[in-house]
**Student:** 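The structure under discussion is supplied below as structure tokens; questions concerning it will follow.
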Amino acid sequence: MKNISRRDFLKGSVAGAAALGLASLGLGKSVAFAEGEKKYTPGTYSASRKGIASDVTVTMTFDETSITDVQIDVSGETPDLGGKIGDQMAQAILDAQSADVDAVTSVSVTSNAIREAAADCISQASGAAVVLEEKEAPVNADWLGEAPVIAEKDITETLETEVLVVGCGTGGWIAAMTAAEEGAKVLVVEKAENPTKIKEDIGGINSRLQLEAFKDFPEFEIDKTQALQEIVRYASGYVDSDLVKVWIDNSGETVDWLTDFLEGTGHWYMSLEGGIGDQEHPERDKAYATGHSPHKNEGVDKEITLNTDMQAHLEELGGELRCNTALVKLDQQKSGKVEGIIAQDMVDGHYIRIVATKGVIMATGGYASNTEMMLALQPMTMKMKINVAAGSKADGSGIKAMLWAGGEMDPCHASMMFNRCACLPTETAGYKTNGVRFWFGEQPFLKVNLNGKRFCNESGPYEFMLHSMYMQPYHTYCDIFDANNKQYCEQFDEVGCCRLFPFDNGALSNNSYEATWASMVEGEKSMLAQGYLQQADTLEELAEKLNIPVDNFVATVKRYNELCAKGVDEDYGKSVHRMTPVDTAPFYGVRTGAWHLTTLDGCRINTDMQVIREDGTPIEGLYATGDCTGGFFANNYPNLFTGLACGRTMTFGRRAAKIVSKL
């Protein structure tokens with residue numbers, strides 16, 4: 001077998017193609033050859049492409065006329081998603097004798113990396129350049145489709161419980177534990193091999209920790225009416241105000257209950273993220289000290305996680321968790337009442353009927369990984385995002401099941417996006433671009449568009465910055481900062497998860513400045529080493545490295561530094577404590593886009609967490625919480641209420657469980 005490297009192939013591909021008289025191959029398809037005519041140079045060839053979390057490597061073996069073997073290494077991809085499709089894609093390529101195979105739903109980034117690497121291998125073996133055409137869901141795709149029909153004879157297992165929780169993550173765990181504590185028989189089903197990691201920024205109002213903090217920090221106190229008005233304002237009114245009030249009035253109790261449980265294990269302590277920014281220089285947008293975070297006690301085994309403690313608690317109460325069990329559809333009576341679900345075992349494929357005598361609580365998440373739904377419902381988000389491994393893996397299956405059952409979808413679509421992803425200086429943001437997380441990105445340094453010009457107030461809610469970015473060329477901008485960035489990060493007095501220094505009340509931040517900076521500049525996997533972070537001794541050099549116009553950029557920095565010296569942002573009104581000059585080498589720059597964490601629009605629910613129809617009537621037996629539900633967010637995520645989404649999900653999951661368990 002002859003092994004040909006990618007470099008050797010590229011050197012001779014054009015000449016080889018001309019000599020053989022071969023046309024450029026489209027999408028890995030073969031040129032028309034006479035039967036038995038030589039197509040390939042026999043051998044084994046390899047190629048790699050960047051997936052969502054790692055490089056994906058395809059190794060293909062050829063004889064003179066066919067592909068004889070395909071091996072795909074996806075071991076570095078997300079285990080429950082891209083890490084599972086290697087054999088499936090290998091067989092598809094082998095059967096098709098082509099790289100022109102369909103992507104696997106919900107793992108399009110990994111799938112396309114495999115297709116591109118396979119096309120590269122075919123190029124090497126054939127001596128002809130393979131042009132891989134775009135393969136994506138059309139924008140007008142029928143993302144909802146029809147509910148699947150499962151024949152009774154194909155349902156080979158039946159289970160019965162009182163409370164069925166579908167999806168085991170931030171909302172599912174809370175609903176399941178609460179229902180079990182209420183004395184109900186509980187079953188939780190999760191389609192992945194393991195439960196989803198629970199989120200750790202938990203928004204609440206008037207928890208015990210907050211009430212105690214108010215004694216020393218009265219400025220942390222939150223006016224409930226003002227909080228309601230703020231959340232309504234962020235959503236331009238597209239919310240159910242009574243639903244928001246459920247979180248406002250009940251989230252403190254949820255945080256207290258969770259604090260008692262976690263601290264009772266001896267493994268954790270809960271802290272209040274006590275910070276609302278620089279009150280001497282108020283920001284345009286008010287911050288609220290709503291965030292609570294669990295931290296592991298010293299000496300606790302690293303194998304212990306929130307999930308392991310929650311699973312142990314659930315099982316102690318007699319609850320059951322069943323993974324590798326995917327929702328297919330809701331099971332309804334003729335009256336429309338939901339009496340359970342039809343599920344499928346992801347190991348052997350058999351179908352299961354699960355009867356829930358009290359009710360079904362949906363906690364299935366949003367649709368961030370469903371390309372068809374995203375393109376149809378949130379095309380703007382798709383143009384702003386940069387692909388990274390971290391983020392929701394939910395595929396919208398729960399939302400679709402509720403819509404099939406008669407539920408109503410939110411009228412406006414929303415996502416949680418943070419401006420913390422980087423792409424290379426040769427790239428721009430968009431859902432086909434793979435990059436890295438850039439935790440520094442939300443710091444309100446100077447930001448310029450790809451024409452080298454400043455374009456907005458860089459300080460404010462994450463998505464305000466990103467929406468301003470959308471209005472700029474290629475929906476991408478550059479973060480600019482200098483050698484004094486540590487001093488400035490502390491001066492910014494940020495709040496929430498982007499803060500890099502301890503909070504006013506001493507609580508730890510999610511990430512420290514030291515760890516964040518090290519990830520950017522130290523080691524072969526740093527942003528600097530990988531080419532995402534650019535460093536330069538002059539502004540002119542930095543502009544060249546970022547591929548933006550030098551003259552525009554230098555003029556922009558000069559103007560910005562003048563405003564910093566004046567102590568007033570005459571151009572866009574940024575607060576004075578966040579006007580920090582770019583005047584000390586080395587200078588740094590990063591091309592930045594959106595980190596898409598999850599979608600936030602879903603099926604409408606009422607204040608009893610029942611899924612409702614268009615006419616407002618509830619679907620009997622069906623309850624929901626979390627990102628599969630609607631009525632709470634629209635247009636953007638109000639991140640200055642730290643932990644709002646997670647707190648909403650937990651509070652609603654707990655409320656749903658209490659209501660259902662008492663039926």
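Remember, predicted model here, so these are calculated numbers, not experimental data. Index from 1, following the sequence.
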**Student:** Can we say R208 and D260 salt-bridge, meaning some charged N sits less than 4.0 Å from an Asp/Glu carboxylate O?
**Tutor:**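 Yes, this pair counts.
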**Student:** Are R654 and T178 close enough that a side-chain donor and a side-chain acceptor fall under 3.5 Å?
**Tutor:**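 Yes.
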**Student:** Is there side-chain contact between N510 and E273, with at least one heavy-atom pair below 4.5 Å?
**Tutor:**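 Yes - at least one pair of side-chain heavy atoms lies under 4.5 Å apart.
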**Student:** Compare all side-chain heavy atoms of Y470 with those of E463 and state whether any distance is below 4.5 angstrom.
**Tutor:**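 No. Closest side-chain heavy atoms not under 4.5 Å.
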**Student:** Can you list the steps and then say if I198 with M650 is a side-chain contact (heavy atoms from CB on, under 4.5 Å)?
**Tutor:** CA-CA 10 Å; I198 198 165; M650 290 185 171; 3.7 Å; yes
**Student:** Please check if the number of heavy atoms outside F464 that lie under 6.0 Å from its CZ is greater than 12.
**Tutor:**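 Enclosed: over 12 neighbouring heavy atoms sit under 6.0 Å from CZ of F464.
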**Student:** For a quick test of reading the model, state the closest non-hydrogen atom pair linking P294 to L262 and the distance between them.
**Tutor:**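 In terms of heavy atoms, the two residues are closest at CB-CD1, 3.8 Å.
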**Student:** Is it true that atom NZ of K197 has more than 12 heavy atoms of other residues, nucleotides or ligands lying nearer than 6.0 Å?
**Tutor:**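 No, the 6.0 Å shell around NZ holds no more than 12 heavy atoms from other groups.
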**Student:** With a 3.5 Å cut-off and no angle check, do the side chains of N636 and Y462 form a donor-acceptor pair?
**Tutor:**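 The answer is no; no qualifying pair exists.
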**Student:** Quick one: pull up SG in C489 and CZ in F481 and give me the separation to the nearest 0.5 Å.
**Tutor:**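 The CZ atom of F481 is 8.0 Å from SG of C489, to the nearest 0.5 Å.
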**Student:** Looking at E620, I'd like to know if its CD atom is crowded, meaning that more than 12 non-hydrogen atoms belonging to other residues, nucleotides or ligands lie closer than 6.0 Å.
**Tutor:**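 Counting neighbours around CD of E620, 12 or fewer heavy atoms of other residues, nucleotides or ligands fall under 6.0 Å, so no.
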**Student:** How far apart are the C-alpha atoms of S293 and D201, what are their side-chain angles, what is the distance that settles it, and do they pass the side-chain hydrogen bond (donor to acceptor under 3.5 Å, both in side chains) test?
**Tutor:** CA-CA 5 Å; S293 289; D201 272 321; 2.8 Å; yes
**Student:** Let me see the working for C412 and D601 under side-chain contact (heavy atoms from CB on, under 4.5 Å), right down to the final yes or no.
**Tutor:** CA-CA 7 Å; C412 293; D601 56 308; over 6 Å; no
**Student:** Ignoring hydrogens and angles, tell me if any N or O in the side chain of H292 forms a donor-acceptor pair with the backbone of I202 under 3.5 Å.
**Tutor:**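 Between the backbone of I202 and the side chain of H292 there is a qualifying donor-acceptor contact (under 3.5 Å).
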**Student:** Counting C-beta onward and ignoring hydrogens, is there a side-chain heavy-atom pair between L258 and W173 closer than 4.5 Å?
**Tutor:**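 No, too far: nothing below the 4.5 Å cut-off.
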**Student:** If we ignore angles and hydrogens, is there a donor and acceptor under 3.5 Å between the side chains of H295 and S271?
**Tutor:**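 A donor-acceptor contact under 3.5 Å links the two side chains.
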**Student:** Out of R284, K574, K447, which one pairs with E458 under the salt bridge (Lys or Arg N to Asp or Glu O under 4.0 Å) rule?
**Tutor:**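 That would be K574; it is the only one of R284, K574, K447 passing the salt bridge (Lys or Arg N to Asp or Glu O under 4.0 Å) with E458.
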**Student:** Looking only at atom types and distance, does a side-chain atom of T364 sit under 3.5 Å from a main-chain N or O of G167, one as donor and one as acceptor?
**Tutor:**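 Answer holds: no.
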**Student:** Determine whether W143 and Y367 make a side-chain contact, defined as any pair of heavy atoms from C-beta on separated by less than 4.5 Å.
**Tutor:**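 Answer no - side chains too far apart.
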**Student:** I'd like to know if R578 and E283 make a salt bridge, using a cut-off of under 4.0 Å between side-chain N and carboxylate O.
**Tutor:**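 Between E283 and R578 there is a salt bridge, with a charged N closer than 4.0 Å to a carboxylate O.
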**Student:** Over all heavy atoms of both residues, which pair between I304 and D309 is shortest? Give the atoms and the distance, please.
**Tutor:**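 Here I304 and D309 meet closest at CG2-OD2, 3.6 Å.
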**Student:** Could you report the tightest heavy-atom contact between I619 and G407, atom names first, then the distance?
**Tutor:**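 What the structure gives for the nearest pair is CD1-N, 3.6 Å.
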**Student:** Determine, step by step, whether Q443 and Y488 satisfy the side-chain hydrogen bond (donor to acceptor under 3.5 Å, both in side chains) criterion, reporting the C-alpha distance in whole Å, the side-chain angles of both residues, the deciding distance to 0.1 Å, and the verdict.
**Tutor:** CA-CA 9 Å; Q443 302 301 312; Y488 297 150; over 6 Å; no
**Student:** Less than 4.5 Å apart, any side-chain heavy atom of F217 and any of I276?
**Tutor:**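 They are not in contact (no side-chain heavy atoms under 4.5 Å apart), so the answer is no.
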**Student:** In plain terms, say whether K199 and D627 are close enough for a salt bridge, that is, a side-chain N and a carboxylate O under 4.0 Å apart.
**Tutor:**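 Salt bridge absent between K199 and D627.
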**Student:** Would you say N485 and Y513 are linked by a side-chain donor-acceptor pair, where the criterion is simply a distance under 3.5 Å?
**Tutor:**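 Short answer, yes.
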**Student:** Go through it in stages, so that I can follow the logic: the residues are V388 and F438, the test is side-chain contact (heavy atoms from CB on, under 4.5 Å), and I'd like the CA-CA distance, side-chain angles, deciding distance and then a yes or no.
**Tutor:** CA-CA 10 Å; V388 293; F438 173 41; over 6 Å; no
**Student:** Looking at T625 and G653, would you say the former's side chain and the latter's main chain have a donor-acceptor pair under 3.5 Å?
**Tutor:**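 A pair under 3.5 Å: yes.
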**Student:** Between D608 and P618, is there a side-chain heavy-atom distance shorter than 4.5 Å?
**Tutor:**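 They are not in contact (no side-chain heavy atoms under 4.5 Å apart), so the answer is no.
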**Student:** Is E614 salt-bridged to R604, cutoff N-O under 4.0 Å?
**Tutor:**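 So E614 does not pair with R604 through a salt bridge.
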**Student:** At their closest point, which heavy atom of D504 faces which heavy atom of G275, and how far apart are they?
**Tutor:**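 Taking D504 first and G275 second, the nearest heavy atoms are OD2-CA, 4.1 Å.
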**Student:** Would you call Y431 and V109 a side-chain contact if the rule is heavy atoms closer than 4.5 Å?
**Tutor:**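 Result no, sub-4.5 Å side-chain heavy-atom pair not found.
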**Student:** Would you please say whether a donor-acceptor pair under 3.5 Å links the side chains of S207 and D256?
**Tutor:**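 No.
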**Student:** Any salt bridge linking R655 with D249? Criterion: basic side-chain nitrogen under 4.0 Å from a carboxylate oxygen.
**Tutor:**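 Salt bridge flag = no for D249 with R655.
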**Student:** Looking only at side-chain N and O atoms, does N307 offer a donor or acceptor that is under 3.5 Å from a partner on T305?
**Tutor:**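 The answer is no; no qualifying pair exists.
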**Student:** Of all heavy-atom pairs between C646 and T170, which one has the smallest distance, and what is that distance?
**Tutor:**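 Smallest interatomic distance, heavy atoms only, reads SG-CG2, 3.7 Å.
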**Student:** From E190 CD over to N194 CG, what is the distance, rounded to the nearest 0.5 angstrom?
**Tutor:**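 E190 CD to N194 CG: 8.5 Å, rounded to 0.5 Å.
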**Student:** Any chance you could measure E494, atom CD, to E442, atom CD, to the nearest 0.5 Å?
**Tutor:**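 Between E494 CD and E442 CD, I get 4.5 Å after rounding to 0.5 Å.
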**Student:** Would you compute the distance between atom CD1 of I386 and atom CG of N419 and round it to the nearest 0.5 angstrom?
**Tutor:**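 Answer rounded to 0.5 Å: 11.0 Å.
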**Student:** Step by step, would you call D493 with R499 a side-chain contact (heavy atoms from CB on, under 4.5 Å)?
**Tutor:** CA-CA 7 Å; D493 199 7; R499 188 179 175 94; 2.8 Å; yes
**Student:** To the nearest 0.5 Å, what is the distance between OG1 on T642 and OH on Y288?
**Tutor:**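 That separation rounds to 12.0 Å.
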**Student:** Taking the six-membered ring for Trp and the full ring for Phe, Tyr or His, determine whether the centres of F492 and F445 are under 6.0 Å apart.
**Tutor:**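 For F492 and F445, the ring centres are under 6.0 Å apart.
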**Student:** Looking at E280, I want to see if its CD is surrounded by more than 12 non-hydrogen atoms of other residues, nucleotides or ligands under 6.0 Å.
**Tutor:**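 No, the 6.0 Å shell around CD holds no more than 12 heavy atoms from other groups.
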**Student:** Short question: side chain of S415, backbone of M417 - any donor-acceptor pair under 3.5 Å?
**Tutor:**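 Such a contact is absent between S415 side chain and M417 backbone.
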**Student:** Among M609, M362, M402, R648, find the residue that satisfies the side-chain contact (heavy atoms from CB on, under 4.5 Å) test when tested with T629.
**Tutor:**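 Exactly one candidate clears the test, R648.
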**Student:** Can you confirm whether K245 is buried at NZ, in the sense that more than 12 heavy atoms of other residues, nucleotides or ligands lie under 6.0 Å from that atom?
**Tutor:**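 Counting other residues, nucleotides and ligands, NZ of K245 stays at 12 neighbours or fewer.
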**Student:** Which residue in the set T592, V436, T433 passes side-chain contact (heavy atoms from CB on, under 4.5 Å) when paired with C423?
**Tutor:**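 Considering T592, V436, T433, a side-chain contact (heavy atoms from CB on, under 4.5 Å) with C423 is found only for T433.
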**Student:** Is it true that the side chains of T580 and Q491 contain a donor and an acceptor less than 3.5 Å apart?
**Tutor:**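 No - no donor-acceptor pair under 3.5 Å links their side chains.
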**Student:** Is there side-chain contact between D395 and K191, with at least one heavy-atom pair below 4.5 Å?
**Tutor:**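 The answer is yes; the side chains approach within 4.5 Å.
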**Student:** Distance only, no hydrogens: is a donor on one side chain within 3.5 Å (strictly under) of an acceptor on the other, for H313 and E181?
**Tutor:**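 The answer is yes; a qualifying pair exists.
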**Student:** Hey, what do you get for CG (L306) to CE (M310), rounding to the nearest 0.5 Å?
**Tutor:**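 Atom-to-atom, L306:CG and M310:CE are 5.5 Å apart.
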**Student:** Any idea which heavy atoms bring I605 and A624 closest together, and the distance?
**Tutor:**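 Reported closest heavy-atom pair: CD1-O, 4.0 Å.
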